[in-house]
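Here you go, one structure.
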Amino acid sequence: MNSHNFRAIAGWIAGYVVNAFCRAADNELVQALFGIAFMLCITLWMMFTETGEAVTGDLIAALLSIISVFFDIGRGVLS
């Protein structure tokens with residue numbers, strides 16, 4: 001097999017894969033599975049890397065400070 005035939009076959013396979021992916025991407029179930037896989041990747045990144053742990057700690061601190069502000073506002077309104 002010469003390189004021209006190999007490139008033609010490789011191009012045909014790539015086109016077939018892209019076509020199949022584009023047809024599958026219109027399916028809501030496939031979109032949901034991609035979304036779940038993406039969120040799983042982010043979760044694993046945040047759980048098992050130093051940067052992820054730092055980001056998670058910052059997010060939790062921000063969430064607690066926001067809750068504290070609303071708690072203080074609520075305590076001021078109710079008293």
Taking W45 as the starting point, is it possible to reach I36 by hopping between hydrophobic residues whose side chains are less than 4.5 Å apart? no
For residues 65-74, which residue pairs pass the salt bridge (charged side-chain N to carboxylate O under 4.0 Å, His left out) check, not counting sequence neighbours? D72-R75
Run through the side-chain heavy atoms of Ile, Leu, Val, Met, Phe, Trp and Tyr, join any pair under 4.5 Å, and report what else lands in L29's cluster. L33
Taking distance alone, no hydrogens or angles, what donor-acceptor pairs closer than 3.5 Å link side-chain atoms of residues 53-68 to residues at least two apart or in another chain?
from	atom 1	to	atom 2	distance (Å)
T56	OG1	G52	O	2.7
S65	OG	A61	O	3.4
S65	OG	A62	O	2.7

